[in-house]
**Student:** 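One structure coming up, written as C-alpha cells, with questions to follow.
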Protein chains: 4
Amino acid sequence: MAESDFDRIRKQVRQFVVERDWDQFHSPKNLSMALIVEAAELVEHFQWLTEEQSCNLSPEKLTEVEQELADIQVYLISLAEKLKLDIVAAVEKKLVLNAQKYPVEKARGNSKKYTEHKKT
Amino acid sequence: MAESDFDRIRKQVRQFVVERDWDQFHSPKNLSMALIVEAAELVEHFQWLTEEQSCNLSPEKLTEVEQELADIQVYLISLAEKLKLDIVAAVEKKLVLNAQKYPVEKARGNSKKYTEHKKT
Amino acid sequence: MAESDFDRIRKQVRQFVVERDWDQFHSPKNLSMALIVEAAELVEHFQWLTEEQSCNLSPEKLTEVEQELADIQVYLISLAEKLKLDIVAAVEKKLVLNAQKYPVEKARGNSKKYTEHKKT
Amino acid sequence: MAESDFDRIRKQVRQFVVERDWDQFHSPKNLSMALIVEAAELVEHFQWLTEEQSCNLSPEKLTEVEQELADIQVYLISLAEKLKLDIVAAVEKKLVLNAQKYPVEKARGNSKKYTEHKKT
C-alpha cells in the first residue's frame, strides 16, 4: 500500500525532532503541556469573538488559526509517536465508544443531553 | 488515488456530527473550547507524574491516554472541517516555517534556545 | 493589623497541603498543570452554552462553577506560596502595567483593539 | 471592619473594566476562555523545564511568572464578580469538601491515591 498523507506528515514531524535532538525534552508530560499551550493559542483567537464572528474569520486571521491547528497536530503526532500509539486507529476505536455513549436517537440536536452525558 | 486513512476518519467524524445534528453547536469558538477541555484531560493524566513515570504508563493508563488523544484529534478534525482547512497541508506549511524559526545548527539540543525562540 | 480574609484562606490552603504531605508533588511545573486542568473544568461548563446562557446559570450549575473557581484559586495560592510571590501585590503591579498597555481613551469599548493590543 | 486587601484589588479590577467599557465582552463564557489562555501562558514557562528547574527560576523569569499569576487572578475576580460569587467564601467551602474527599489518613504522602480520588 502506498504511504498515506498522514504517514508522510508523521515522518516529517519525527525528522524535525530528530534533527534538532529535541527528543530529550519530549517526555509525554512535557508534550502534553506543549499541546495545551498551543490549544490555548487557538482559544485566544476566539475569546472575544461572538460565535457568529468565529464562523467568519478574515483571511489573515484564518491563516493564523490554520497555524495553530498545525501546531496542535504536530504535538499530537509527537505524543502518539512517543507512546507508540496509532492516532488513526485510536480515533476509529473512540468513535465506536462515542456512538454507544451518545446514541443517535437520544443525542440528536440536544446540547443539554450532550453535556449531561459528558458528565457521566 | 485511493482514499487515505486520514480521509477515512475525517468522513467518520463528519458523519457522527451530522447524524446527531450537532453542527448547530459547533461554532469554531465552541470547538476551540471543547478541544482545550480534551487537552486538559490529557494533561490531568500527567500532572502528578514525574517525566520518567510519564514515559512508563501502565497498559490501563495508556488506554485512557489513547482515548484522550483520539478526542483531541476528533475536535481538531471538526474544527478544520468547519473552517474548510486542510490539516495535512497546514502541518506541511507550518513545518517549513518552524524550520526557519528553529534552524538545526542553532536549535540542536537546546531547550533554552527553544523557549527563547518561542517567545519571539 | 488584623489578618485579612485572603491571608486566612492562604493559611488554610497551606495547612491542607502540609497535613497531607503533598508538598513533595507541588513543584511549580506540576502546580501549573493542576491549575490549567481546573481552568478547563470551568471552560467545560460553558463550552456548549451561548454567551447569554452563560450569564443565566441555574443554581445547581452556579454551585458547580463556584467550586471550579475555588479550585483554581486554591492552586493559584499554592503556586504563589511555592514561589514566595504575593498575589495581591502582583495584581496591583499588573494593573498598572495593563493601564499603560490599554489606555482608557484607546481601549474604550473596543474588543478589536483589545485583541490587537494583546498580541503585541 | 476595614476593607481587606482582597476587597481592594477586586475594586481595582472592577474599575479597570468599567473605565474601558469592557463589560460587554465579559460574558462568563468569554471570561473562562480568557482565564485558560492566561493559565496556558503560565504553563508555557514551565513546559520544557524539569520539576527541579521550575523550583529555581531566575529573577527575570520569576517576574514573568508573577505577571501570569496576576493575569489569572484578575480574570478569576472578573468572573466571580460577573456571577456574583464570593471567592473567599467559595474557597472555604471547597476546602471542607476536599477534606472529606481526601481524608488525611488516606491521602497522606500519596500521589497515586491523590490521582485516583480525583477520578471519582
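Per chain, numbering begins at 1; letters A, B, ... match sequence-line order.
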**Student:** For Tyr102(C), is there any backbone N or O sitting under 3.5 Å from a side-chain donor or acceptor partner on Arg20(D)?
**Tutor:** yes

**Student:** If you measure from OG on Ser32(C) to CD on Glu41(D), what distance do you get to the nearest 0.5 Å?
**Tutor:**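 These two atoms lie 13.0 Å from each other.
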
**Student:** Given a strict heavy-atom distance threshold of 4.5 Å, which part of Leu57(C) is in contact with chain D: side chain, backbone, both, or neither?
**Tutor:**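 For Leu57(C), side-chain heavy atoms alone lie under 4.5 Å from chain D.
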
**Student:** What is the distance from atom CD of Glu51(D) to atom CD of Gln24(C), rounded to the nearest 0.5 Å?
**Tutor:**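 Answer rounded to 0.5 Å: 11.0 Å.
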
**Student:** Can you name the salt bridge (charged side-chain N to carboxylate O under 4.0 Å, His left out) partners of Asp86(D), sequence neighbours left out?
**Tutor:**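 Residues passing salt bridge (charged side-chain N to carboxylate O under 4.0 Å, His left out) with Asp86(D): none at all.
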
**Student:** What I want to find out is whether Arg108(D) reaches Glu19(C) closely enough, with some N-O distance under 4.0 Å, to be called a salt bridge.
**Tutor:**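 Salt bridge flag = no for Glu19(C) with Arg108(D).
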
**Student:** Less than 4.5 Å to any heavy atom of chain C: does that hold for the side chain of Thr63(D), its backbone, both, or neither?
**Tutor:** neither

**Student:** Taking Ile77(D), Val13(D), Leu69(D) one by one, which has the highest count of heavy-atom pairs under 4.5 Å against chain C?
**Tutor:**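 Ranked by heavy-atom pairs under 4.5 Å with chain C, first place is Leu69(D).
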
**Student:** Going from CD1 on Ile9(C) to CZ on Phe6(D), what distance comes out if it is rounded to the nearest 0.5 angstrom?
**Tutor:**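 So the CD1 of Ile9(C) and the CZ of Phe6(D) are separated by 6.0 Å.
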
**Student:** Flag the pair Lys93(C) and Glu66(D) as a salt bridge only when some basic side-chain nitrogen lies within less than 4.0 angstrom of an acidic carboxylate oxygen.
**Tutor:**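 Judged by the 4.0 Å cut-off on N to carboxylate O distance, Lys93(C) and Glu66(D) do form a salt bridge.
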
**Student:** Any heavy-atom pair between the side chains of Val88(C) and Gln73(D) that's under 4.5 Å?
**Tutor:**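 In short, these two side chains do not touch, never coming nearer than 4.5 Å.
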
**Student:** Could you tell me which of Lys94(C), Glu52(C), Met33(C) has the largest number of non-hydrogen atom pairs under 4.5 Å with chain D?
**Tutor:**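 Highest number of pairs under 4.5 Å: Lys94(C).
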
**Student:** Give, as side chain, backbone, both or neither, the part of Leu97(D) having an atom under 4.5 angstrom from any heavy atom of chain C.
**Tutor:**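 Looking at Leu97(D), just its side chain touches chain C.
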
**Student:** Working note: Asp5(C) + Asp5(D), criterion side-chain contact (heavy atoms from CB on, under 4.5 Å); need CA distance, chi angles, decisive distance, verdict.
**Tutor:** CA-CA 8 Å; Asp5(C) 50 359; Asp5(D) 49 1; 4.0 Å; yes

**Student:** Enter the distance from Lys61(D):NZ to Leu83(C):CG here, rounded to the nearest 0.5 Å.
**Tutor:** 12.0 Å

**Student:** Taking all atoms of both residues into account, what is the closest heavy-atom pair of Asn98(C) and Phe16(D), and its distance?
**Tutor:** CB-CZ, 3.5 Å

**Student:** Checking heavy atoms, do the side chain of Leu85(C), its backbone, both or neither come under 4.5 Å from chain D?
**Tutor:** side chain

**Student:** Any side-chain heavy-atom pair from Asp21(C) and Asn110(D) closer than 4.5 angstrom?
**Tutor:** no

**Student:** I want to check something: taking the side chain as every heavy atom from C-beta on, are Leu42(C) and Leu79(D) in contact at a cut-off of under 4.5 Å?
**Tutor:**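 They are in side-chain contact.
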
**Student:** Per the salt bridge (charged side-chain N to carboxylate O under 4.0 Å, His left out) rule, what does the pair list look like for residues 23-37 of chain D, sequence neighbours excluded?
**Tutor:** Arg14(D)-Asp23(D), Asp23(D)-Lys82(D)

**Student:** Flag the one option from Leu31(C), Leu35(C), Val65(C), Leu62(C) with the top tally of heavy-atom pairs under 4.5 Å to chain D.
**Tutor:**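 Heavy-atom pair counts peak at Leu62(C).
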
**Student:** Checking Ile87(D) against chain C: side chain, backbone, both or neither under 4.5 Å from a heavy atom?
**Tutor:**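 Answer is side chain: those atoms of Ile87(D) sit under 4.5 Å from chain C.
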
**Student:** Closest approach of Ala39(C) and Ala39(D), non-hydrogen atoms and distance?
**Tutor:** CB-CB, 4.4 Å

**Student:** So which part of Ala89(D) gets closer than 4.5 Å to some heavy atom of chain C, the side chain, the backbone, both or neither?
**Tutor:** neither

**Student:** Taking atom SG of Cys55(C) and atom CG of Asn30(D), what is their separation to the nearest 0.5 Å?
**Tutor:**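 The SG atom of Cys55(C) sits 9.0 Å away from the CG atom of Asn30(D).
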
**Student:** Please report the interatomic distance CG(Asp7(C)) to OG(Ser4(D)), rounded to the nearest 0.5 Å.
**Tutor:** 9.0 Å

**Student:** For Val18(D), is it the side chain, the backbone, both or neither that has a heavy atom under 4.5 Å from a heavy atom of chain C?
**Tutor:**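 Backbone only.
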
